[in-house]
Protein chains: 2
Amino acid sequence: MKESPFLRRAIKPQRPAKNPLGRDEIVRAALRIVKTEGIDGVSMRRIAAEFETGPSSLYAHVTSKDELLQLMFDEVCGMVEIPPLDPPRWKEQILEIARASHRILLDHYDLARAALAIVPTGPNALRASDAMIGMMLAGGVPAQHAAWAMDRIFLYVTADAYEMSIWRGTATEEEAFPAELERDLRAYFEQVPVDLYPNIRAHAQELVSGDAEARFEFGLALLVDGLGKYVTK
Amino acid sequence: MKESPFLRRAIKPQRPAKNPLGRDEIVRAALRIVKTEGIDGVSMRRIAAEFETGPSSLYAHVTSKDELLQLMFDEVCGMVEIPPLDPPRWKEQILEIARASHRILLDHYDLARAALAIVPTGPNALRASDAMIGMMLAGGVPAQHAAWAMDRIFLYVTADAYEMSIWRGTATEEEAFPAELERDLRAYFEQVPVDLYPNIRAHAQELVSGDAEARFEFGLALLVDGLGKYVTK
DNA sequence: TTCTACTGGCGAACACCGTTCGCGTCAAGT
DNA sequence: ACTTGACGCGAACGGTGTTCGCCAGTAGAA
């Protein structure tokens, strides 16, 4: 018995109209999901659903979820703007790249968590690394220190972005983020036994004060300013 | 029909002899597992198996896996040795606490990954935080900067420990860890297009040189030395 | 002593996850 | 027109955290 023409009509038309999927489409869909639902929302099933298919279809274009995460991370690295080299402003330029990376990671929610587990060897990650090393060299930092400092700064940027995404995640329910958490945490620090934790008790205010950006900048400044002492020019 | 006395004999004796489980026993078992199998090996089923029971039994003593991870982290925080305050050596003492925390995190494999997602408010974590702030205050660092710096340093320590555990993890197969990965990575950097990534190409050697500890110390020194400029005494 | 009431351990199930296998369909080559 | 090849993808496997409800065992009341 031949297939019903009606059934074919119902099925066939959506085949050619179906979203064509390839590596890039998958990566883009995954980035769309991570932005709104976080890295835990990025599952093979969830991505596949975006193309109205099953998870196994993705494995034709991506060998594993791990590879997909690397592709996502490198795609995001491609979004950091890299200023043209300006040697006198080398320190400021390093801060600019660090801030841009930080901002773009935060703009993708949780993604920093995955980034921490990735050895950044993709083309766009290399581009950012190369640029930062170039700035340090232009500033007179010896190559060995430049290489290490670049590594440390990106580690710091990623770790801070991850930590910030967690805080933001816990406050996802109906409250302005900084206010409530800061209040709760200070209340906790102020109530801690003074004989065991004198400094925390005495400085509860300082411990919770300052918004996330100020803390990020404080640590970043320590790292970048410290580079000055290695300059040999 | 009554239950067979034989069956009861076979079952009953192991009931009182069964490992009695409580919060502490569960946390200890989980730490035992994370040491050898990593954080992904720590599942409720795996822990329960340690007590020859099912996962649901654990929920009588622990409200969620998240709480368990917090308990594990704080237990580990209790292992860092805290030297008695010695104001003239304040910088060196900060390095000591940072190194001790780093070492103990690494000694527990992957655990740093979970630690990154935890707001350190447990008693032992507070103890370490309080001690480090005390050292900074003793060194003349203003309270606000001390609070922030403590936060940044522990963030750095945890992030580095996590990154190191990843590298160690990828090399788990049959190769001495540093040698093989360093060789592969340098080969990759040396083969990268010179017009796109001139600095990476030129300094491949510097990028991969230095063992993990040297890199950790380099970043830690930047953070701690940088504190000097805030000292007001 | 016997019956009842309750408490707490835990087996089974639910809804997810990443990944694999192999079937069935469709398209291109002969 | 028929064969052959490739490829999309449904279903399944073995895992995850968590919940529900049963049932054994004990303690207390009659």
Taking only residues two or more places apart in sequence, or in another chain, which ones meet A:Ala112 in a side chain to side chain contact (heavy atoms under 4.5 Å, CB included)? A:Leu105, A:Thr158, A:Ala161, A:Tyr162
Who are the ring-ring contact (aromatic ring centres under 6.0 Å, His included) partners of A:Phe218, not counting sequence neighbours? B:His145, B:Trp148, B:Tyr230
Going by the rule ring-ring contact (aromatic ring centres under 6.0 Å, His included), which residues pair with A:His108 if we only count those two or more places apart in sequence or in a different chain? none
Sorted by chain and residue number, the salt bridge (charged side-chain N to carboxylate O under 4.0 Å, His left out) partners of A:Glu75 (sequence neighbours excluded) come out as none
Take atom CD1 of B:Ile47 and atom C1' of C:dC10, then tell me their distance rounded to the nearest Å. 16 Å
Sequence neighbours excluded, which residues qualify as ring-ring contact (aromatic ring centres under 6.0 Å, His included) partners of A:Phe216? A:His102, A:Tyr156
Figure out the CZ/P separation between A:Arg46 and C:dC16, and round it to whole Å. 12 Å
For the helix from C:dT1-D:dA30 to C:dT30-D:dA1, how many degrees between its two end axes (five pairs per end), to the nearest 10°? 30°
For A:Ala128 against A:Ile82, the heavy-atom pair lying closest together: CA-CD1, 3.7 Å
Output the residues of residues 54-74 of chain A in contact with DNA chain C, where contact means a heavy atom of the residue under 4.0 Å from an atom of the strand; sort by number or write none. A:Pro55, A:Ser56, A:Tyr59, A:Ser64, A:Lys65
Members of residues 37-45 of chain B that approach DNA chain D, where some heavy atom sits under 4.0 Å away: B:Val42, B:Ser43, B:Met44, B:Arg45
Only counting residues at least two apart or in another chain, list the ones meeting salt bridge (charged side-chain N to carboxylate O under 4.0 Å, His left out) with B:Arg127. none
With sequence neighbours excluded, residues passing side chain to side chain contact (heavy atoms under 4.5 Å, CB included) with A:Glu206: A:His203, B:Ala143, B:Gln144, B:Ala147
Can you list the residues that meet the salt bridge (charged side-chain N to carboxylate O under 4.0 Å, His left out) rule with B:Glu67, with sequence neighbours excluded? B:Arg23
Contacts of B:Arg113 that satisfy salt bridge (charged side-chain N to carboxylate O under 4.0 Å, His left out) - sequence neighbours left out: B:Asp40
